[in-house]
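Below you'll find the structure, written out as structure tokens, and then a few comments.
Nothing here was measured: the structure is a model prediction, and the numbers come from that model. Every number for a ligand or one of its atoms is a count from 1 in the order of the listing.
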Amino acid sequence: MNQCSASPKTYYLWTIGCQMNEADSRRLADGLTALGYRAAPRAEQADLVVLNTCVVRRSAEDKVVGRLSSLKGLKRRRPEMLLAVMGCFVGDVSRLRQKYPYVDIFAAPSDVDAILALARRRAASNEHPAPSTQQPVAAYVPVSTGCDHRCTYCIVRLRRGPQRSRPIDEIVAEVRELVGRGAREVTLLGQNVDAYGTDLPDRPDLADVLYAVHRVEGLWRIRFLTSHPADMTGRLIETVAALPKVCEHIELPVQSGDDDVLRRMARRYTVAEYRDLVARIRAALPGTGLATDVIVGFCGESEAQFQNTYRLLEELRFDMVHVAAYSPRPGTPAARWPDDVPPAEKERRRQAVDDLQKRIAGEINARFLGQTVEVLVEDLHRGKWRGRTRTNKLVFFTDDADWRGKLALVEITWSGPWSMLGRVRGAVDPPSP
Ligand code: SAM
Ligand code: F3S
């Protein structure tokens with residue numbers, strides 16, 4: 001019945017996980033809008049429900065399973081509703097089909113086209129494009145998918161497969177299009193963004209991508225994430241320093257501050273090499289915003305090994321630390337090893353890192369008090385303008401003018417570990433060209 005209706009079709013899109021999933025969801029939303037679909041506020045009101053999933057940790061997978069079970073009744077009541085699942089939850093499709101027979105389609109991670117093809121068949125009677133959604137000021141652009149590393153704890157490379165890099169001209173075309181629709185900043189995405197190009201015939205590298213994207217007129221800022229410490233080259237660091245649009249912001253997961261744990265994680269660097277890399281980055285890019293990822297409670301991690309991580313974080317003083325308690329993931333090498341750090345102890349270590357980082361980030365950000373920083377304003381959030389500095393600090397301010405998509409000079413009047421508040425002092429001329 002619904003298929004023949006002349007009213008616009010609607011979609012509901014639920015996304016969890018990494019920036020890659022966010023980028024895929026945006027591409028899907030754009031594609032659905034072009035097909036005439038409109039966003040619905042709730043799954044109950046949608047003709048197409050899409051879950052874009054993550055299974056990097058057990059807790060994420062549990063959320064997906066919960067969401068899928070709660071949609072079972074809805075699908076029974078409204079069998080004409082299409083239910084699609086994409087993202088890293090989609091591994092063994094025949095097993096998933098048996099377990100969740102009410103799902104219409106399981107699409108591999110990033111396979112937006114499979115869902116659009118299904119939506120297109122349903123939308124055939126409804127060819128009027130919906131009004132386009134507001135385009136983001138800061139947009140994600142995947143430059144590679146998959147990963148060629150073999151970190152023993154990680155399920156993502158199993159679900160996303162080997163690294164596949166997009167050709168540079170395709171990346172530049174997408175950036176141009178986004179800028180044409182109002183984007184001023186792009187973040188180039190890859191599981192190991194700094195390994196970009198090793199799978200392409202003429203082996204371009206991320207520095208080549210940065211040079212090419214830098215030439216896009218109307219684009220003001222470029223970021224990239226996530227970098228693998230073993231793949232970061234001197235040329236890449238020099239390129240970040242040389243290109244004014246590339247922001248001083250590096251995401252460089254360390255995972256552990258202990259060599260034995262790093263070896264068992266198969267991270268392919270030592271603590272000394274990591275420390276040296278950070279020193280080289282900081283020397284070339286003074287004041288750079290440096291973020292890292294840490295896993296606590298990995299198989300066999302002793303208290304002394306955890307302390308090595310804690311001390312490294314104290315020493316290197318990152319701007320941001322994403323910390324997670326280790327959770328065994330099916331199919332990974334580490335899942336066969338004893339998960340021998342008790343849950344309460346993992347949580348204690350996670351909390352200790354959180355507390356330490358709260359103090360460090362608070363101290364780092366307090367140094368901005370009274371300083372004036374350049375903020376690219378992304379949106380209005382609960383009555384305050386929200387944007388980020390080049391080093392990825394979140395800044396809020398209140399002002400009556402429309403600042404969306406503009407560069408503001410903001411004097412910092414309050415700082416906390418996760419964000420800062422300020423008053424606007426004026427506008428900055430956009431970089432030319
Ligand atoms: N490519 C990046 C790198 O070089 O580490 C990160 C990719 S991973 C998908 C994102 C983050 O999730 C990791 O940095 C890690 O801290 C965390 N993570 C991955 N597997 C995990 C697991 N089994 N348990 C807990 N955290 C995990
Ligand atoms: Fe996973 Fe390690 Fe790659 S964390 S995505 S296998 S770099």
pair Leu236-Phe224: side-chain heavy atoms closer than 4.5 Å: yes
List, for ligand 1, each N/O atom that has a protein N/O partner under 3.5 Å away, with both atom names and the distance.
unit_1   : atom_1 : unit_2 : atom_2 : d
ligand 1 : 1 (N)  : Gln191 : O      : 2.5
ligand 1 : 4 (O)  : Arg267 : NH1    : 3.3
ligand 1 : 4 (O)  : Arg267 : NH2    : 3.4
ligand 1 : 5 (O)  : Gln255 : NE2    : 2.9
ligand 1 : 5 (O)  : Arg267 : NH1    : 3.1
ligand 1 : 5 (O)  : Arg267 : NH2    : 3.4
ligand 1 : 14 (O) : Gln255 : NE2    : 2.7
ligand 1 : 14 (O) : Asp293 : OD2    : 2.5
ligand 1 : 16 (O) : Gln255 : OE1    : 3.0
ligand 1 : 23 (N) : Tyr153 : O      : 3.1
ligand 1 : 23 (N) : Ser327 : O      : 2.8
ligand 1 : 24 (N) : Ser327 : N      : 3.1
ligand 1 : 26 (N) : Arg57  : NH1    : 3.4

For Lys63, does the NZ atom sit with more than 12 other heavy atoms under 6.0 Å from it, leaving out its own atoms? no
Is there side-chain contact between Leu96 and Phe89, with heavy atoms separated by less than 4.5 Å? yes
Sequence neighbours excluded and cut-off under 3.5 Å, please list the side-chain donor-acceptor pairs for residues 188-201, or say none.
unit_1 : atom_1 : unit_2 : atom_2 : d
Asp194 : OD1    : His228 : N      : 2.8
Asp194 : OD2    : His228 : N      : 3.1
Asp194 : OD2    : Met232 : N      : 3.1
Tyr196 : OH     : Arg166 : O      : 2.5
Thr198 : OG1    : Gln163 : NE2    : 3.2
Thr198 : OG1    : Ala195 : O      : 3.1
Asp199 : OD1    : Gln163 : NE2    : 3.2
Asp199 : OD1    : Ser165 : OG     : 2.5
Asp199 : OD2    : Ser165 : N      : 2.6

Whether Asp208 and Arg235 form a salt bridge (side-chain N of Lys/Arg under 4.0 Å from carboxylate O of Asp/Glu) is what I want to check. yes
Above 12 or not: heavy atoms from other molecules or residues under 6.0 Å from CZ of Arg181? yes
List in chain and number order the residues that pass salt bridge (charged side-chain N to carboxylate O under 4.0 Å, His left out) with Arg157, two or more places apart in sequence or in another chain; answer none if no residue qualifies. none
Name the residues in contact with ligand 2, where contact means a heavy atom under 4.0 Å away: which are they? Cys147, His149, Cys151, Tyr153, Cys154, Arg157, Gln191, Asn192, His228, Arg267
Are the side chains of Leu252 and Val278 in touch, meaning some heavy atoms are under 4.5 Å apart? yes
Should Asn21 and Thr15 be marked as a side chain to side chain donor-acceptor pair (under 3.5 Å) after you check the CA-CA gap, both sets of side-chain angles, and the distance that decides it? CA-CA 7 Å; Asn21 273 6; Thr15 307; over 6 Å; no
